[in-house]
Structure formats: structure tokens, C-alpha cells
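Worksheet: the structure to be examined is printed underneath.
Numbered from 1 within each chain, the chains take letters A, B, ... in sequence-line order.
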There are 2 protein chains.
Amino acid sequence: MQDNNINFREQLKERGYKLTSQRQAVLDVLLDHEGQHLSTEEIYELVKRKNPDIGLATVYRTLLLMDSMELVYKLDFDDGLSRYEINKHTEDHRHHHLICTQCGCVAEVEEDLLESLEEQILRKNKFVVKDHRVKFYGLCEKCFNKLKQL
Amino acid sequence: MQDNNINFREQLKERGYKLTSQRQAVLDVLLDHEGQHLSTEEIYELVKRKNPDIGLATVYRTLLLMDSMELVYKLDFDDGLSRYEINKHTEDHRHHHLICTQCGCVAEVEEDLLESLEEQILRKNKFVVKDHRVKFYGLCEKCFNKLKQL
DNA sequence: CCTAGTATGACTATATATTTCATTTCATTC
DNA sequence: GAATGAAATGAAATATATAGTCATACTAGG
């Protein structure tokens with residue numbers, strides 16, 4: 001935890017930014033909700049619990065900043081708002097998302113398995129892949145079983 | 001072309017919708033710009049050339065309708081607006097997009113190669129994949145060469 | 001041709017996200 | 001530890017994409 005704070009301050013300093021209590025508070029919320037995909041509004045509400053005076057604009061600005069620093073992943077699950085997830089840097093490649101078109105739940109796949117495709121893209125399209133986003137749409141186990149019973 | 005119109009009328013009829021000159025005009029524009037990824041606003045401007053009295057709301061409604069009928073793909077290239085592409089139904093699986101983070105150009109990969117991943121997802125996550133969206137971010141050939149020279 | 005129901009266009013409403021600007025806070029120097 | 005300049009903040013205003021309302025017009029089918 002303390003490590004995260006020191007790193008955060010250092011990373012901000014490298015880019016000429018300052019560590020403020022608001023930025024710290026946003027980071028804390030993201031760390032405390034690691035597996036989740038929170039919207040800006042949700043993050044704002046959570047931050048306000050410990051930091052009631054923070055403004056929504058600051059949360060927007062902080063998330064924008066963190067996205068540019070690659071501290072967070074900005075996600076889009078087609079519900080009209082941006083969602084964020086902390087980037088742990090522990091995996092080399094990011095995970096994929098499974099979006100249930102029935103109930104809207106979102107699960108994760110840890111496996112990546114896109115290396116061979118990316119190599120092929122480099123060879124055939126001469127496009128150097130740096131990153132990717134993969135979303136799978138379909139039915140989660142619960143919804144599949146429900147539909148099967150009908 | 002005539003085929004497309006007849007199909008369109010039939011498909012609309014199946015769902016209790018009517019074929020109007022506005023809907024036809026939007027379809028025509030999409031057919032005339034097949035390889036492109038047009039935004040709603042761009043489609044509106046193109047439709048207005050032959051159909052100057054059409055309203056923007058109608059274009060929005062028509063694209064929403066076509067998306068629900070799976071006549072178009074709704075795309076998101078992170079520029080804050082929805083883009084559309086006609087769905088030709090000729091391929092079993094859709095193509096992927098290569099987005100250059102330098103110049104913003106978007107190319108396509110015809111290969112899919114996600115079958116084995118989808119099988120694995122079914123086995124391990126018990127999630128039945130119906131569709132997917134894959135975006136690769138990186139550098140196109142031009143931008144890569146430009147950066148190499150520096 | 002008439003009719004019922006759908007679609008349209010102009011306008012308004014909503015919701016997310018960004019910008020403005022005066023004030024406050026941070027981090028560095030003396 | 002106080003002073004200083006730059007950067008960050010909050011409240012409000014603004015931008016922008018999309019959706020909803022409603023009176024009028026059009027479509028498809030008899």
C-alpha cells in the first residue's frame with residue numbers, strides 16, 4: 001500500500017504532476033475495488049465517502065490522467081459510460097471480457113492467446129501491434145441454463 | 001442493388017416496420033461506402049445530398065433499427081462517436097480492426113482465428129460466445145517507418 | 001381511395017464529459 | 001519554516017451525442 005503511494009508520487013513527478021489528496025483518494029478507491037469495472041460516477045460516489053468535498057470534474061480529470069499514465073484501463077461495455085479498472089502491470093498481456101447479452105454481467109478470461117494472430121498481422125498487414133481489446137458477447141452459464149429450461 | 005431493396009423491404013415487414021424513402025436512402029449510403037466506417041453525422045450529411053429534407057433524428061433512428069436487425073455493425077474507435085459499417089453476411093465471422101495510435105487510420109484483418117479461444121472459453125468459463133469484437137492498437141506501416149527514421 | 005398504424009421532422013430533453021476561471025494547494029527555494 | 005510560482009481544485013457553464021415528444025405525413029393493405 002505504502003509502495004503504491006510512493007510509486008504514484010514518483011510517476012506523477014516524472015511528468016510534472018503533483019500528488020494531491022484527491023488523486024490519492026481516487027487511486028485508493030480503484031485499489032480497493034480491484035476486480036470491478038467502476039464508472040466515473042460510481043468512483044465519484046465512493047471517493048466522496050472519505051473525501052466529501054471532492055468535485056466530479058476532479059474525478060474525471062484524475063481518471064483521464066491515470067489513463068494517459070496507463071495506471072488504469074478505460075473500458076467500454078456499450079452502456080453509454082466509461083468504466084475503469086486498475087492496471088496492475090503484473091501480466092504481460094491484458095485479459096479479455098465476457099459480456100452476457102442477457103443479464104449484462106461481465107466476467108474475465110485470464111488467457112490471452114493472441115500472440116500468433118499478432119505475429120500474422122505483422123507479417124501480412126505490416127502493422128505493429130502494441131495492445132488489443134477483446135470483447136466476447138454471449139450467454140453466461142446462468143442465463144444459458146435459464147434459456148435451456150424454456 | 002434491386003436485390004438489396006427487396007430484401008430490406010422483406011426484413012422490415014417481418015418485424016412490422018415499413019420501407020420509407022428515408023430508410024432506403026440511409027441504406028443506399030451505407031452500400032455506397034462499403035469499406036468505410038461512417039459516423040452518424042457523416043451518414044446524415046451524405047444522405048442529405050440526395051434527400052435534403054431528412055432529419056438527423058431519423059438517421060439516428062434508422063441506424064438503431066438497422067443495428068437491431070443486424071444489417072449494420074456499430075463500431076467504436078474511441079473518438080466519442082458511433083460508427084457504422086454495412087453487414088454483408090458473407091463471412092461467417094466478422095473481421096478485426098487495426099487502429100493506428102499515431103495517425104488514427106483504421107485497417108481491417110480478414111482472418112478471424114478466435115475459434116480455439118472461444119472453445120476454450122466455453123470449456124473453462126462455461127460462457128457461450130455468440131459474437132466478439134477485437135481491436136488491435138499499434139502502428140501502421142507508414143507511421144512505423146516515420147518513427148524509425150528519427 | 002381509405003384507413004389504421006407507423007414514421008417523420010422540428011424541437012426539446014437528457015446524460016456524459018469537458019472547459020473556464022477564481023481560489024486553493026503543493027512542492028521547492030531561500 | 002515562510003515565501004513563491006506553478007499546478008490543481010470546485011462550482012458552474014458549456015459542449016456534444018443521442019434519445020424522447022408530439023403533431024403531421026406517409027405507407028401498406030384492404
Side-chain angles (χ1 to χ4, degrees), chain A residues 5-29 37-45 47-69 71-72 74-84, chain B residues 5-29 37-45 47-69 71-72 74-84:
Chain A
N5 295 357
I6 288 166
N7 283 340
F8 190 31
R9 172 171 256 124
E10 287 302 310
Q11 282 178 264
L12 288 167
K13 207 165 107 181
E14 275 174 30
R15 294 159 183 254
Y17 303 132
K18 293 172 182 173
L19 180 60
T20 63
S21 61
Q22 291 90 340
R23 286 176 180 170
Q24 184 65 62
V26 171
L27 179 64
D28 288 346
V29 162
H37 315 106
L38 302 171
S39 69
T40 311
E41 202 68 44
E42 285 167 347
I43 293 165
Y44 173 56
E45 289 303 324
V47 171
K48 270 207 294 190
R49 290 185 188 171
K50 290 190 178 176
N51 217 321
D53 293 335
I54 198 170
L56 179 57
T58 300
V59 176
Y60 270 101
R61 280 185 286 234
T62 302
L63 291 168
L64 204 70
L65 187 76
M66 287 177 165
D67 188 37
S68 78
M69 292 169 71
L71 271 169
V72 294
K74 188 175 186 177
L75 306 170
D76 170 32
F77 296 148
D78 313 299
D79 56 357
L81 28 94
S82 295
R83 297 181 169 278
Y84 295 88
Chain B
N5 294 358
I6 288 166
N7 284 341
F8 191 29
R9 173 171 257 125
E10 287 301 311
Q11 283 177 266
L12 288 166
K13 207 163 104 181
E14 275 173 31
R15 295 160 182 252
Y17 303 132
K18 293 173 181 174
L19 180 60
T20 64
S21 63
Q22 290 90 340
R23 286 176 180 170
Q24 184 64 61
V26 171
L27 180 65
D28 288 345
V29 163
H37 314 105
L38 302 171
S39 68
T40 311
E41 201 68 43
E42 284 167 348
I43 292 165
Y44 173 57
E45 288 304 324
V47 171
K48 270 208 295 192
R49 290 185 189 171
K50 290 192 177 172
N51 216 324
D53 293 334
I54 198 169
L56 179 57
T58 298
V59 177
Y60 270 101
R61 282 185 285 233
T62 302
L63 291 168
L64 203 69
L65 187 76
M66 288 178 165
D67 188 35
S68 78
M69 292 169 69
L71 271 169
V72 294
K74 188 176 186 175
L75 306 170
D76 171 33
F77 296 148
D78 312 299
D79 55 359
L81 30 91
S82 296
R83 297 182 169 276
Y84 295 88

Item checked: Residue pair A:R61, A:L65: steps toward the side-chain contact (heavy atoms from CB on, under 4.5 Å) verdict -> CA-CA 6 Å; A:R61 280 185 286 234; A:L65 187 76; over 6 Å; no

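- When the P atom of C:dA17 is taken as reference, atom CG of B:D76 falls 12 Å away, rounded to whole Å.
- Nearer the 5' end of DNA chain D, as judged by each residue's closest nucleotide, is the contact made by B:G80, out of B:G80 and B:K13.
- A:K18 contributes a side-chain N or O that forms a donor-acceptor pair with the base of D:dA6 under 3.5 Å.
- The distance from atom CG of B:L56 to atom P of D:dA17 is 10 Å, rounded to the nearest whole Å.
- If you measure from atom CG of A:L19 to atom C1' of D:dA7, you get 13 Å, rounded to the nearest angstrom.
- In this structure, B:I54 reaches the sugar-phosphate backbone alone: every heavy-atom distance under 4.0 Å involves primed, P, OP1 or OP2 atoms, never a base.
- Of the candidate nucleotides C:dA10, C:dT16, C:dA7, C:dA7 has the atom nearest to the side chain of B:R23.
- The side chain of B:L81 lies closest to D:dA17 when the candidates are C:dT28, D:dA28, D:dA17.
- Within the 4.0 angstrom heavy-atom criterion, base atoms lie near B:R61.
- Here the C1' atom of nucleotide C:dA7 and the CG atom of B:L64 are 14 Å apart, to the nearest Å.
- We find that CZ of B:R15 is positioned 13 Å from P of C:dA7, with the value rounded to whole Å.
- With hydrogens and angles ignored, the 3.5 Å screen pairs no side-chain donor or acceptor of A:R23 with any backbone N or O of A:T62.
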Check: When you look at B:M69 and B:L12, which way does the side-chain contact (heavy atoms from CB on, under 4.5 Å) test go after all the steps?
Finding: CA-CA 9 Å; B:M69 292 169 69; B:L12 288 166; 3.9 Å; yes

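- In this structure, A:E41 and B:G16 both approach DNA chain C, and ranking their closest nucleotides by distance from the 5' end singles out B:G16.
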Next item on the list: Could you walk me through whether B:K74 and B:V72 pass side-chain contact (heavy atoms from CB on, under 4.5 Å), step by step?
Entry: CA-CA 6 Å; B:K74 188 176 186 175; B:V72 294; 5.9 Å; no

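- The side-chain contact (heavy atoms from CB on, under 4.5 Å) test with A:Y84 is passed by exactly one of A:T40, A:L71, A:L38: A:T40.
- When each of B:S82 and B:Y17 is assigned the nucleotide of DNA chain D with its nearest heavy atom, B:S82 is the one assigned upstream, toward the 5' end.
- Whole-Å rounding puts the B:Q24 CD to D:dA28 P distance at 11 Å.
- Picking from C:dA17, D:dT27, D:dT18 the nucleotide with the shortest atom distance to the side chain of B:T40 gives D:dT18.
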Next item on the list: Would you please test B:E41 and B:L56 for side-chain contact (heavy atoms from CB on, under 4.5 Å) and show each step?
Entry: CA-CA 8 Å; B:E41 201 68 43; B:L56 179 57; 4.0 Å; yes

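- A:S21 comes within contact range of no nucleotide atom at all, as no heavy-atom separation falls under 4.0 Å.
- Note on B:Q22: only backbone sugar-phosphate atoms sit closer than 4.0 angstrom, heavy atoms only; bases stay farther off.
- A:E42 places its CD atom 12 Å from the P atom of C:dA17, with the value rounded to the nearest Å.
- Distance from the side chain of A:Y60 is smallest to C:dA17 among C:dA17, D:dT18, C:dA7.
- Spacing between atom CD of B:E45 and atom P of D:dA17 amounts to 12 Å, rounded to whole angstrom units.
- For A:T58, the listed nucleotide lying nearest its side chain is D:dT9; candidates were D:dA28, D:dA17, D:dT9.
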